[in-house]
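Just so we're on the same page: letters track the sequence lines, and every chain starts at 1.
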Amino acid sequence: MRNSVKNTIKDAIKKSLDKTIENNNISIDIIEINICKDKKFGDFSSNIAMKLASKFNYKPKEFAKEIIKNIEKNESILKIEIAGPGFINFFTSDISKYSVIENIFKEKESFGKNNVGKDLKILVEFVSANPTGPLHVGHGRGAAFGDCISNLLIENGYEVSREYYVNDAGKQIDILTISVLQRYHELINDSDKFSYDDLYKGEYIWDIAAEVHRNFKTKFQIKDLKDKKNDSIDEYISYAKNILTISKFEEIKKIAVDFILNDIKKTLNLAGIAYNSWFLESSLLKNNSLKEIIENLEKKNLTYTKDNAMWFKSSSFGDEKDRVLLKENKDHTYLSTDIAYHRDKIKRGFHKVINIWGADHHGYVSRINSAFNIFAKGKSELVILLVQFANLYRGNEKVSMSTRSGEFVTLEQLIKEVGSDATRFFYLTRKSDQHMDFDIELAKSNNSNNPVYYVQYAHARICSIFRQLKEKKMNYEYEKEILHLLDKEEELKIIKKLSIYPEIIINSSKKYDPHLLTNYMVELAQEIHSYYNKFQILVDDKNLRNARLSLIKSAKYIFNNSSKIIGIEMPEKM
RNA sequence: GCGCCUAUAGCUCAAUAGGAUAGAGCGUCAGCCUCCGGAGCUGAAGAUAUAGGUUCAACUCCUAUUAGGCGCUCCA
């Protein structure tokens, strides 16, 4: 179905190789067919002769000659040449080139889809920011990336589930709770002693405290506060729990987490991201998953006790040192619930588990990998993708971000300022493991600096032409018999671009590189603008007009299909 | 100090899983509106951090050097 000409060539080469060399054991998969950048090298080329020449005691060029000699005649292959060090170049017939337009009109919204991932279940976990504050711009890139990767995998036929892991059980959440208590006591004028330097101080803490105060008045007030400012944070937390009672502490904790999670969901919704599931860390404690996992590791003899803490022998699996599972005070570490969480992912039967993390977590990769493989036993594969930070700029001025100070730019602010489309597209134009600068002014600008406007404009232009068509009382119908009228260099270039779209979908998903797709969209837009500028589309000649309209309509299908994967709108008017 | 990642045009980024002459945009310079949307188009100048190595072929792989980011908690 996809790229039939390419597969024809591939098969032809395979047959030829079998004829040239007996019992060769050559797999068809190592035959690469590339689309030529320069048309003087033909339409497709293969490097197979150079790749295999030495293996079969040939010189590349002679080997190429032999291969060509044994290729069977085929109506879509016009000419075969040897060039350079041993490339085999194929010149294909025009008719085969136009078949991509036929395919697009046949498949429409499904053009580009494939079933590479048929019957395979994938879990994509992304963002998973701690519910200790609103999402900030640093989370934006991971959000756009994770959502797009999910869409790409779906386009490739995988069954995808999006998940957000909520760390609602650790020490940071206790600190959040105390932060709320602090502001709460300030609201009821009883603030002096209930304070600690390392607490969350963002505006939203006031909002939560105000909500608690509004709904519960002085229910959580602690009388006779002692000055504990010089205690450690752990001592401070247990002091607060004791004096307030654990049940009341948990009550406030839940209010705070729910409040923040709501805010996070609201922001993700603005970004057009919907999760299939929200996995609570606390559930691993409630249903004994954590206990089970630790017993299981003990049974496997992968733990030991040192300094009253329980350690995991992660260094036996490539980690640089062993890690603590249970602290001296018997609290669990982030790692231990994370292991339990990943075991749960495996239990749910996913063939592949993708984690999208901020690049600052790279030190964590090997220990979670080792734990994962202990339980997956080869039945499930873990892929950890690291997303580099984006520096935020406003023109030439760098926007500083600091979570604790509360001065960070939230993702919500960013989306409200530049729009969801520009935010997503911008984040996805760069390779994810590459540092990037995100210029707010650039993302807001309405000109070709801004790739998303450039692409949307190309689409709007196509729509505009069809509106014009109606105004001029002209008709359009798709006829495949007249596509050969598209013989201008620019037209053939666009057709070539259209024909590689299915491969872009495969590659960007395989390599987890959505930027291949955004770049493709920009390139296609560029060719459309250029073509539009040079040629009149609504010409008097009915056949030529229909052929040209079919060409740009094909491009419109691709803009629509790709924009859905990126998660942006394709407006008909701008 | 140890580890991971990165280094491409003046700036921001590409380069189809090692392929042919390293591509875009911004900026600079020179052009294009009796014409389907000038929110656009055409052209020029300009680059693989350094030194070795592997290969028919290296921006891509390996080694060293230099420069930057991140991580080296019984933190999450």
Please give, in whole Å, the distance from [N] [atom2] to [X] [atom1]?
X	N	atom1	atom2	value
A/Y531	B/U42	OH	P	15 Å
A/Y454	B/G38	OH	P	13 Å
A/D439	B/G27	CG	C1'	14 Å
A/K61	B/A57	NZ	C1'	13 Å
A/K534	B/G43	NZ	C1'	13 Å
A/M50	B/C56	CE	P	12 Å
A/K59	B/A57	NZ	P	15 Å
A/L52	B/C56	CG	P	14 Å

Parallel, tilted or perpendicular: rings of A/H342 and A/F372 (30°, 60°): perpendicular

For the residue pair A/H361 and A/Y364, categorise the inter-ring angle as parallel (less than 30°), tilted (30 to 60°) or perpendicular (more than 60°). perpendicular

Would you indicate what [X] reaches in the nucleic acid, counting non-hydrogen atoms under 4.0 angstrom: base, sugar-phosphate, or nothing?
X	result
A/S45	base
A/A83	base
A/P85	base
A/F535	base
A/S464	base
A/Q526	sugar-phosphate

Over 12 foreign heavy atoms within 6.0 Å of [atom1], [X]:
X	atom1	answer
A/D540	CG	no
A/E569	CD	no
A/K59	NZ	no
A/K241	NZ	yes

Whole-angstrom distance between [N] and [M], as gauged at atom [atom1]:
N	M	atom1	answer
B/C61	B/C75	P	38 Å
B/C59	B/G52	P	15 Å
B/A17	B/G69	C1'	26 Å
B/G23	B/U8	C1'	11 Å
B/C33	B/C41	C1'	11 Å
B/A49	B/C36	P	47 Å
B/A44	B/A24	C1'	16 Å
B/A51	B/G43	C1'	39 Å

A/Y453 stacking on B/A39: centroids under 5.5 Å, ring planes under 30°? no

Protein within reach of the bases, or only the backbone? For nucleotides 11-16 of chain B, mark each nucleotide 5' to 3' as B, S or -, using heavy atoms under 4.0 Å. -SSSSB

Quick tally for nucleotides 71-76 of chain B: nucleotides whose base has a protein heavy atom under 4.0 Å get B, sugar-phosphate-only ones S, the rest -, giving SSSBSB

Give a yes/no answer on whether the side chain of A/S530 brings an N or O atom under 4.0 Å of OP1 or OP2 in B/U42. yes

Side-chain ([X]) to main-chain ([Y]) donor-acceptor, under 3.5 angstrom:
X	Y	answer
A/R545	A/Y476	no
A/K39	A/K493	no
A/Y520	A/K497	yes
A/H459	A/P571	yes
A/T518	A/L428	yes

Between A/K253 and A/D174, does any NZ, NE, NH1 or NH2 come within less than 4.0 Å of an OD or OE carboxylate oxygen? yes

Carboxylate-amine/guanidinium proximity below 4.0 Å for A/K345 and A/E163: no

Could you classify B/C26 for me, syn or anti, using a glycosidic angle within 90° of 0 as syn? anti

Secondary-structure string, 5' to 3', Watson-Crick or G-U under 3.5 Å, | for another-strand partners, for RNA chain B: (((((((..((((.....[...)))).(((((.......)))))....(((((..]....))))))))))))....

Note: for A/N47 and A/I465 on RNA chain B, the residue whose nearest nucleotide lies more 5' is A/N47

When you get a sec, tell me which of B/U21, B/A39, B/A20 is the closest nucleotide to the side chain of A/D38? B/U21

Mind listing the closest non-hydrogen atom pair of A/G170 and A/E281 along with its distance? N-OE1, 3.9 Å

